[in-house]
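Okay, structure first, notes after.
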Amino acid sequence: MLNPPIYDNCDVAIIGAGPAGLAAAIRLKKLGIENVLVLDRESEPGGIPRHCGHPPFGMLEFARVMRGPSYARRLVGEARRAGVGISVRTSVTMLGAGGGLTIASPQGNGELTAKRVLLSTGVRETPQSARLMSGARMLGICTTGALQAMVYLKGLIPFRRPVIVGTETVAFSALLTCKKAGIKPVAMIEGKSCPGTRWPFHNASRLLGVPLFVETRITKIIGGNRIEAIKIIDGKGNARELACDGLLFTGQFTPESSLVRMSHLLFDHETGSPVIDPFGRCSDSAYFAAGNLLQPLKMAMNCWREGRKTAQWIAKDIAGSLPDRQ
Amino acid sequence: MGSDSSNVDVAVIGGGVVGCAVARRMALEGAYVVLIEKAADILDGASKGNSAILHTGFDAPVDSLEQKCVRDGYEEYLGIHASFNLPILKTGALIAAWSEEEEVRFGDILKKAHDNGVGDLRLLNRSEISDIEPNLSKDIRSAIAVPREYVIDPWSTPLAYLQQALQNGGQVLFNAEVTDGAFDGERWQLNTMRGPVRALHVVNCAGLYGDIVDKRALGASRFTIKPRKGQFVVFDKAAGKLLSSIVLPVPTKRTKGIVLFPTIFGNIAVGPTAEDQDERDDASVDREILTALVEQAIQKLPALSNTQVTATFAGIRPATEENGYRVIEYPDQNWITLGGIRSTGLSGALGLARHAHRLLTKQGLAFHPINNPVVSQVPNIAEHLPRDYENPGYGEIVCHCEMVTQREILATMEGPIPVGSLSGLKRRTRAAMGRCQGFYCSARIAELTKGKFAEPIGVGDANA
Ligand SMILES: Cc1cc2nc3c(=O)[nH]c(=O)nc-3n(C[C@H](O)[C@H](O)[C@H](O)COP(=O)(O)OP(=O)(O)OC[C@H]3O[C@@H](n4cnc5c(N)ncnc54)[C@H](O)[C@@H]3O)c2cc1C
Ligand SMILES: Cc1cc2nc3c(=O)[nH]c(=O)nc-3n(C[C@H](O)[C@H](O)[C@H](O)COP(=O)(O)OP(=O)(O)OC[C@H]3O[C@@H](n4cnc5c(N)ncnc54)[C@H](O)[C@@H]3O)c2cc1C
């Protein structure tokens, strides 16, 4: 059932149907927990991999190299078969003491109480504004997540000749997505003196014919409603203008932890994640956390593994055999 | 009078907050009015980025037109806002002194407010301030409370004004830049990108382009716009509860200074700067200035140091070579210009509109106010009042950061003023204005708005 009545209380409520949340849910069912409910605010479960139409996913989980969407479908199918309840279009808007959740859904808003709650809300990229970027807001400026959702879920492209900012692993996804969609990046720029990952960026970007400028930053964004060019400057003070119709900010992941920030749970402002003990347990012992929410640089399989592990601790805790929180 | 927008009583040039308020007033007074806007939606100029404070006018120049318009605008807003479903956040303001020198200037502020008829200011000492705003830095020395300075919704307000104009017989033309015009002694012919408009009277409310429109139609302008940019930083809503009052600095001659204030959308914001520039459209922000703003905000409200930035933006004030409003009458040409509405236009718009009507009456415009004008509500997007997602049947939440529903987004495309651009959609719903700035929702918004905007989000099909 896609949308079980949401106000029934359950044993474990999992917020976020990405790899971490789904892996935990499947594991919990296998460990004999009766009532496991995954809540996700999107219209489809699966999390970020739903719109990563490129490999690599699934090596650890399914011993093969998959694209994100089929990987997500497989996880969701497995969860359903295991008897996990998945409720989509269901936003958790507040975390209450002892596992009381406030929920918004098009069927009506309400409360739900779970014996244990797993937070697996993932990450987002840091946009233009939060980077305190110089320049104006214009059409054609977005993040990789937004680009991929447009290309893979909606079949649309936000630009044809963008400049890509950043060289973390996710920038590689961005390059692949552009290639797939028929988008021709004008350049990649990186503020540091070398690319930000061990990906063979110099080679990859050269292979795709995209010049890489290191030690370079943007000084101006030019255009009207839509971006038309950017001005950049390099470490030696050389300035130049690049014509483009898009600007793609990649990476600088930040945990999607607003729920935690607004709640009673102890929060680590350095990492942007909830404070947890060695069992993934938060300061209110009804709450656990797993996945990219905790350390936003992991691949899906790491989140999957962490979800499974945390599920084990939750099951133990319900059975009364997890040590008390220090 | 027919419903032909090419032949009207009053043509209003410009769909900023002033033009929208003027169009409403003229329609209510029984004139057949058309509002002519060059952009695809309202609020494309100065009115798209401001602090959204509803001023009492306590600090306006005594006896000035600005003071009167702000006072009248304030009163009228209080009288009508509920019937339009427009929100007010009753914050009150604190004029904060952080040094002895600033405290010395308190006397002048109190006297001016008194002369302006705002008599409810009072002095607060540090402990009284701390009762109201426990999170403000203890470096604060004292403050003047201005209890009736409030925060409103900068975007729904003009929308409600123009909507009422249209529901009471008015018209609007978008994408209709006025390029020139001629007066034949009785009627104006304004040439626009959407064809000519003939009008008995014209009110120029072109904001940042007020002087240019005067030059195009009258051949000359009696003022020159000197664009003055104001940058802002908006903090994440997780910090929204840290502050409940508008915290004003002790003003200098040039500007009202950097303000720390709650927004109607549940954030805390800091700004605006005051930077003169030549460009009328360039609302770029600057990293160094944004960084300095963040630092200033943290100095005053230390708990902000742990807060992420949600948005940055700049607004551009239509300043001129003089400080006051530049309201200019051309009685022989049935033309008035409401120019240089620099930094109080959101508060003063309704008062200015009444003033404009008085001036047009002097020019011979004579109509009868309509009976029982249609009033209709605008959707609420303020955080402290019930939002659309609180009622079932909204389809889905499209923008999760700001909790904007599919039903709300689709509704903007209907009605008397269908949304004309992505930025218009953002202003009407808050979609993609939150902490992720579209990471989660822009694909869905692109899909929902496909084919609706002249400047679409999606420029083509993937791999087409
Ligand atoms: C552009 C991009 C490309 C990537 N490419 C790869 C790749 O090639 N290979 C790879 O292994 N990894 C890749 N990753 C990383 C991978 O997607 C993540 O590691 C993984 O998805 C994290 O899983 P998660 O379960 O922690 O969170 P997510 O997958 O982010 O899932 C979180 C879920 O929580 C939901 N949610 C959030 N808040 C709420 C709330 N309040 N109420 C209800 N639901 C909520 C969200 O809707 C979402 O579905 C990529 C990531 C990105 C952004
Ligand atoms: C940083 C900042 C902070 C502020 N804070 C506050 C505040 O807290 N409280 C307050 O009350 N006020 C505030 N203001 C002031 C307020 O925003 C302005 O006074 C107000 O927006 C001016 O509106 P306007 O309608 O005169 O001009 P505009 O908003 O510029 O509107 C003019 C319109 O005319 C159109 N136009 C231009 N040329 C043509 C043409 N040739 N043909 C057709 N259309 C044309 C433009 O596209 C535009 O939409 C602030 C302003 C700024 C910039």
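A, B, ... follow the sequence lines: proteins, then strands. Residue 1 opens every chain.
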Would R89(A) count as a cation-pi partner of Y394(B), with NZ or CZ less than 6.0 Å from the six-membered ring centre and within 45° of the ring normal?
-> no

Check whether N391(B) gets within reach of chain A through its side chain, its backbone, both or neither, counting any heavy atom under 4.5 Å.
-> neither

Which bit of L422(B) is near chain A, if near means a heavy-atom gap under 4.5 Å: side chain, backbone, both or neither?
-> side chain

Under 4.5 Å, counting heavy-atom pairs only, tell me which of V285(B), V309(B), T312(B) racks up the most with chain A.
-> V285(B)

So what's closer than 4.5 Å to chain A heavy atoms on K237(B): side chain, backbone, both or neither?
-> both

Okay, T291(B) and chain A: the region with an atom under 4.5 Å from a heavy atom over there is both

Can you check whether anything in residues 247-258 of chain A gets within less than 4.5 Å of chain B, heavy-atom wise, and list it by number?
-> T254(A), E256(A), S258(A)

R137(A) versus chain B, heavy atoms under 4.5 Å apart: side chain, backbone, both or neither?
-> side chain

Whether N463(B) side chain and V151(A) backbone form a donor-acceptor pair below 3.5 Å | no

Would a distance-only check, ignoring hydrogens and angles, find a side-chain to backbone donor-acceptor pair under 3.5 Å from S442(B) to A146(A)?
-> no

Ordered numerically, the heavy-atom neighbours of chain B under 4.5 Å found in residues 124-132 of chain A are R124(A), E125(A), P127(A), S129(A), A130(A), R131(A), L132(A)

What part of D281(B) gets closer than 4.5 Å to chain A, counting heavy atoms only: side chain, backbone, both or neither?
-> neither

Is chain B contacted by the side chain of I48(A), its backbone, both, or neither, given a heavy-atom distance below 4.5 Å?
-> side chain

Using the test side chain to side chain contact (heavy atoms under 4.5 Å, CB included), find all partners of L153(A) that sit at least two apart in sequence or belong to another chain.
-> R50(A), H51(A), A149(A)

Whatever's closer than 4.5 Å to a heavy atom in chain A on R444(B) counts as both

Results of side chain to side chain contact (heavy atoms under 4.5 Å, CB included) for S263(A) - residues two or more places apart only | L95(A), V260(A), L265(A)

